[in-house]
Structures are given as C-alpha cells and as structure tokens.
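For clarity, every value in this text was computed on a predicted model and none was experimentally measured. Note on naming: letters A, B, ... go to the chains in the order of the sequence lines (proteins, then strands), and numbering restarts at 1 for each one.
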Amino acid sequence: MIKIENLTVELPKFTLQDINLHIAEGDFFTLLGPTGSGKSVLLETIAGLVPVADGSIKISGSDIAHLPPERRGLSIVYQDYALFPHLSVLENITFGAKYKGISEGSAVRKAAELAEKLNISHLLPRTPRHLSGGERQRAAIARALLVDPKVLLLDEPLSALDPAFRQEVQDLLKDLHRETGITFVMVTHDFDEALYLSTNGAIIKNGKLVRKGKIRDIFNSPGSEFVAGFVGMSNIYPYTPMTDYVKLGDLNLTYTGERKGSETRLAFRPEEVLLGSEIGKHNDQNSFIATVKGITAGGFHARVTLDYDGMEIYALVPRKMIGNGELEPGLPIKVAVPEQSLHLF
Amino acid sequence: MVIGFILVPLSQLILGSSVNELLETIMDPDVRAAISRSMLCSGAAALISFTIGTPFAFMLARKDFKGKALVESIIDMPIMIPHPVIGIALLSIAGRNHWIGQMLLDAGIRIMGTNTGIVAVLVFVGLPFYLNAARDGFEAVPERLEKAARTLGASPTQTFFRVTLPLAWRSLLTGMIMCMARALSEFGAVVIVAYHPMIAPVLMYERFTAYGLSYSRPVAIWLIFLSLVLFAVLRLLSRGLGSRES
C-alpha cells in the first residue's frame with residue numbers, strides 16, 4: 001500500500017535519512033520515537049506537507065513523492081485537532097467535500113452519518129471552541145474521514161486529551177479502523193498506545209529508522225539499547241555468555257533461549273521482576289537477594305529500585321505491596337527474574 | 001495625565017472656533033475639496049496597500065529566508081525617515097532625469113503636483129503600518145489549519161481564501177485603518193511632491209501662514225470630526241462582523 005524507498009528530507013535544522021518502509025493495505029501502523037526524532041516530519045512528508053529531497057513514496061504503486069497534498073488522497077488528524085475556528089462543526093466536517101467532487105447534499109448526509117457514529121450529532125451547529133477535547137478530536141476524525149482517504153494519518157491524536165477521553169478515543173480509533181478498513185498511520189511517543197492500537201510499527205531516532213516490524217516483536221525483542229529503553233525495558237546490562245546461563249556480575253541467570261552470538265546486552269522489563277511474596281513456589285528460578293534502595297509510588301503501581309552488589313535493578317510492583325512491611329528501604333528482599341523475561345541483543 | 005495631555009490641546013482646538021466659523025468654513029469649496037481629496041487619497045492608499053501588501057505580508061509570515069530581518073527593517077524605514085526626505089526621495093526618481101520617471105511620463109503618469117503623486121506619497125508612508133499589522137495577523141493563524149485544509153483537498157489559493165483570510169481579516173482591516181489614519185495626517189512628504197492640488201493638512205498650513213490660527217483652526221476641526229466619524233464606522237463594522245462570526 002505505502003512503500004517508502006530511500007526517502008531523504010532536508011530541513012534547515014533536521015534531516016530524515018534513507019527511510020525505507022512498507023505499510024500493508026488496511027494496516028494500523030505506528031511510527032514511534034522520542035520528541036524531536038522526526039516522526040511527525042515523516043508523517044507530514046507522506047502527507048505532502050514537507051518537500052522530499054530524494055527517494056520515493058508510492059501508494060498503490062504510484063509515486064506521490066512530488067504531488068501536492070491535495071492530490072495525494074490522504075488526510076491528517078493533528079493532536080491539536082486543527083479545526084477551523086470560524087466554521088461550525090458541520091462546516092468543518094464537510095470542508096473537503098467540494099474539492100473531492102462530493103455534492104453538498106451527499107456531504108451533509110455523510111457528515112450526519114459520521115457524526116452519529118462518532119456520537120457528535122448534537123454538536124454539528126456549534127463552533128469548535130464550545131467543544132471539549134474529546135469532542136474536538138471526534139470532529140477532526142469525522143472531517144478527515146468524510147473525504148474517503150486512502151490513508152488516514154494521525155499525528156499524536158491522543159496526547160492532548162485528558163486521561164478520561166483518551167481511552168474513549170483510543171477505542172473509537174480501533175473500531176473505526178476495523179469498520180472502515182482504511183490504512184491508519186499513527187505517530188506517537190507512547191508505546192502503550194502503539195501496543196493497544198497497532199499491529200506493525202517502526203521506531204525512529206534522530207531522523208533514522210532504527211527498528212521496524214510487528215509491535216509485539218519490537219516490545220518483546222527490542223534489538224538495541226535505545227529501543228529497549230524506549231519500550232520501557234529499563235533493566236539493561238552488559239553480560240558474560242555461558243553455556244546454559246548468563247553471568248551478570250557474580251549472578252548466574254538461567255537462559256537457554258536462542259543466541260546469535262553477536263549479543264552484548266541482557267535486558268528485562270521492570271514489570272517482569274518478581275519481589276517477595278510475588279515469587280511462588282514454582283517460579284523462584286533466577287532468584288537472589290537484593291536490598292531495597294528506593295520506592296516511588298505511582299497511582300496503581302510502585303517503582304522499586306533494588307541494589308544487588310552495586311548494580312541497580314528496577315521493578316514495577318502493585319501499589320498494595322507498599323505498607324505491608326515487605327518492602328522497606330534498606331531491607332533485603334528476595335528477587336526473581338524468570339528466564340522467559342530475559343532478552344539478549 | 002496621559003489622557004489630559006492628548007485631550008487638553010484638542011479640546012482647546014475644538015472649542016476655539018464658533019459654530020458660525022465652522023459652518024462658513026465647510027461651505028468654502030476649497031475646504032471641501034481639500035478634505036475630500038485627503039479622504040479619497042488616503043482611502044486609495046489603504047486599498048493599494050491592501051492589494052500589494054497582502055501577498056507580501058503573507059509571504060513574510062509564512063516563509064523564512066536569508067535576509068528576512070533586513071527586509072523587515074527596510075519595510076519600517078518610512079516610519080523612521082523624516083517625511084520631507086520621503087518627498088524629496090520620491091521626486092528624485094519621478095523626474096525626467098531618472099529612468100523610472102521617464103518611464104512613468106512615457107506612460108502618461110505624472111507624479112509632481114498630481115493626485116497620483118499624493119497617493120504615491122501616502123502609500124509610501126502608510127504601507128509599513130499595513131504590512132506590520134497584516135503580517136502579525138497572518139502569523140496568528142496556526143499553520144496547521146492550512147496544512148489540514150490542503151490534505152482535505154484545497155489548493156493553496158483555496159486554503160488562503162477559505163481558511164487564512166477569514167481568520168486574519170480583522171488584522172488586515174486594522175492595518176488598513178492604521179494606514180489610512182497615517183495617510184490622513186501626512187503633510188511633510190506631500191507638501192514637497194504636490195503642494196497643489198491641496199489636501200487638508202496643506203490647506204491648513206497655507207491658511208495658517210497666510211491668515212493666522214483662526215483661519216486654519218476650523219479646517220482642522222472638520223478634518224478631525226470627519227476622520228473620527230470614518231474610523232468609528234470602520235471600527236463598528238469590524239466589531240459587528242466579528243461578533244456575527246463568533
């Protein structure tokens with residue numbers, strides 16, 4: 001569907017270099033990366049809003065790299081909604097109709113259908129400033145869908161929303177993707193969103209793609225220290241490979257999984273580190289005693305920093321574990337890292 | 001104190017003439033012609049500034065290029081230069097000895113002592129006010145709105161007329177009002193380029209030097225009064241359209 005080959009974009013203070021990407025028809029694809037990595041620039045380049053210096057962008061076989069945005073058949077939804085403040089919600093939604101050859105009557109009928117699906121029918125006569133964040137985002141999505149895009153581009157569509165609306169819009173995007181069958185390309189810096197919504201994705205760093213593939217695979221086998229850190233795999237260490245185990249300082253951790261031989265780092269996710277009573281009789285594999293160095297309580301979870309022979313290990317545990325006497329700074333606690341949680345790269 | 005500084009001399013000016021003097025003055029064909037010329041030439045300057053200044057202001061708001069700061073400084077130059085210098089500068093290129101002047105004369109356009117010359121001077125002094133207000137207005141329109149419009153199928157021109165202009169028009173109108181206000185009060189540059197036909201400030205100056213304060217004052221009162229009415233109407237129009245839009 002979308003095939004990007006050797007794409008280079010040169011902006012005064014930023015460059016996208018040699019981007020190669022293939023997004024299948026009907027896919028929900030996510031471009032991930034930290035702030036300033038170039039993911040929004042890549043999205044706007046696909047949309048035709050940023051000029052291409054070199055390379056090609058093909059949609060269904062046709063190279064659109066040098067077509068103006070209005071001739072590409074893609075629409076974009078921005079995190080700040082970009083609704084036209086001088087037009088009503090209905091006028092916003094039907095904005096693109098006249099340029100796409102949709103008659104006024106059809107446009108109004110289609111807008112009414114979309115508004116009903118997105119639960120904003122009662123808001124059609126209002127202007128955007130009288131809408132909540134979630135309602136504005138729904139209106140922006142309806143506006144983008146009315147013109148029947150081949151691809152819907154979403155630039156951090158959830159990041160400006162309150163947590164209450166975020167889940168709602170997230171579910172809505174998932175439903176719309178399933179119902180319309182349109183290819184969705186979303187930019188986000190939130191890996192949770194990507195995991196929930198998309199099947200495939202790519203990670204971008206300083207204008208270069210550093211990892212692409214199935215989101216689950218990226219999550220489970222990040223492949224590099226940067227990607228591991230980005231997907232929240234905050235325990236990353238150099239290690240010594242042994243036959244059926246790996247050596248982390250003087251700690252021997254059983255690992256019988258696949259090895260390429262070029263790996264230099266061992267990593268595991270903080271939520272997969274088990275502490276104290278979480279360790280059952282049957283899963284005390286790879287267990288050892290560490291000292292609790294610090295506890296940072298969050299809403300539902302607490303982040304525990306452990307010290308094992310000068311090495312810091314991070315664990316994410318249910319908040320209820322704090323205050324039951326088991327976790328106290330300065331005291332020892334049994335720690336287990338199950339073998340299936342270990343990743344080498 | 002600030003308001004007093006503005007109001008005391010103005011109120012003294014207004015109260016300094018009797019109703020009879022005012023009526024007599026407005027019946028004078030020379031006064032009516034000069035005030036009309038002032039209004040029409042200033043209005044023409046504002047319209048010309050709108051026509052030539054709008055695309056330029058939009059470009060300044062949207063594009064970054066080498067030497068942009070220099071270009072913006074050049075735009076502000078007419079505000080800083082003493083106005084008789086502007087008149088002399090315009091005359092020096094409008095005469096037969098300069099190729100521009102020669103070209104204009106060949107096309108039948110005369111600058112010295114004509115309404116065309118007056119309008120040229122007023123555009124020169126008023127354009128910076130329009131350009132600055134229009135550029136600020138365009139800058140206040142988020143570029144993302146234009147980008148969203150483009151992906152929805154609108155061309156750059158359609159995007160400008162359907163998104164950018166409706167959101168920036170109030171700044172453009174303010175710029176035109178400021179340009180016109182500046183043009184109405186111009187004297188120094190006009191008196192060099194076109195002493196005749198007379199605009200109101202030149203007529204006031206002539207009456208002051210020839211007959212004294214009491215002859216020039218009623219002309220000034222009429223100019224202030226008519227300007228106030230004009231600007232109040234324009235402001236009301238701007239607010240009226242604004243409230244209907246919101």
Side-chain angles (χ1 to χ4, degrees), chain A residues 11-13 40 43-50 67-88 91-102 107 126-130 139-156, chain B residues 54-55 57-72 133-134 136-175 237-246:
Chain A
L11 298 176
K13 288 177 186 166
S40 291
L43 198 78
E44 289 200 337
T45 306
I46 297 171
L49 300 164
V50 173
L67 285 182
E70 61 270 24
R71 290 178 53 203
R72 293 195 178 200
L74 321 172
S75 13
I76 194 162
V77 174
Y78 283 111
Q79 71 175 94
D80 59 2
Y81 328 114
L83 290 171
F84 308 122
H86 58 303
L87 302 179
S88 70
E91 287 165 333
N92 262 281
I93 296 174
T94 56
F95 183 90
K98 66 190 279 193
Y99 309 118
K100 301 285 179 183
I102 304 170
R126 295 196 201 166
T127 51
R129 69 187 178 124
H130 295 107
I141 293 168
R143 181 179 69 178
L145 288 174
L146 186 120
V147 294
D148 288 327
K150 285 181 265 185
V151 180
L152 181 65
L153 305 168
L154 302 152
D155 189 3
E156 306 213 23
Chain B
T54 303
F58 183 63
M59 189 270 289
L60 284 176
R62 286 289 178 261
K63 303 276 179 207
D64 278 321
F65 53 88
K66 250 186 187 175
K68 189 175 173 181
L70 180 69
V71 170
E72 287 178 326
D136 293 349
F138 287 133
E139 275 174 353
V141 177
E143 221 177 324
R144 279 193 167 180
L145 299 183
E146 292 166 359
K147 289 179 173 179
R150 293 293 305 281
T151 64
L152 292 167
S155 68
T157 312
Q158 288 163 334
T159 300
F160 181 79
F161 284 106
R162 222 172 145 202
V163 177
T164 316
L165 196 59
L167 292 171
W169 72 267
R170 206 190 286 249
S171 298
L172 306 192
L173 188 59
T174 302
L237 184 73
S238 141
R239 277 189 205 162
L241 288 173
S243 63
R244 194 169 60 188
E245 182 185 278
S246 64

Examine whether an atom of [X] lies under 4.5 Å from a heavy atom of chain B, and if so say whether it belongs to the side chain, the backbone or both; otherwise answer neither.
X: Leu83(A); result: backbone
X: Ala144(A); result: backbone
X: Ile76(A); result: both
X: Arg71(A); result: neither

Backbone N/O of [Y] and side chain of [X]: donor-acceptor pair under 3.5 Å:
X: Lys63(B); Y: Lys68(B); value: no
X: Arg150(B); Y: Pro68(A); value: no
X: Arg72(A); Y: Ile46(A); value: yes
X: Arg162(B); Y: Phe95(A); value: yes

Chain B interface, residue from Ala47(A), Ala82(A), Gly73(A) that has the most non-hydrogen pairs under 4.5 Å: Ala82(A)

Residues Arg144(B), Asp80(A): salt bridge by 4.0 Å N-O rule: yes

Options Asp64(B), Val163(B), Thr159(B), Leu145(B), ranked by heavy-atom pairs under 4.5 Å with chain A, top entry: Leu145(B)

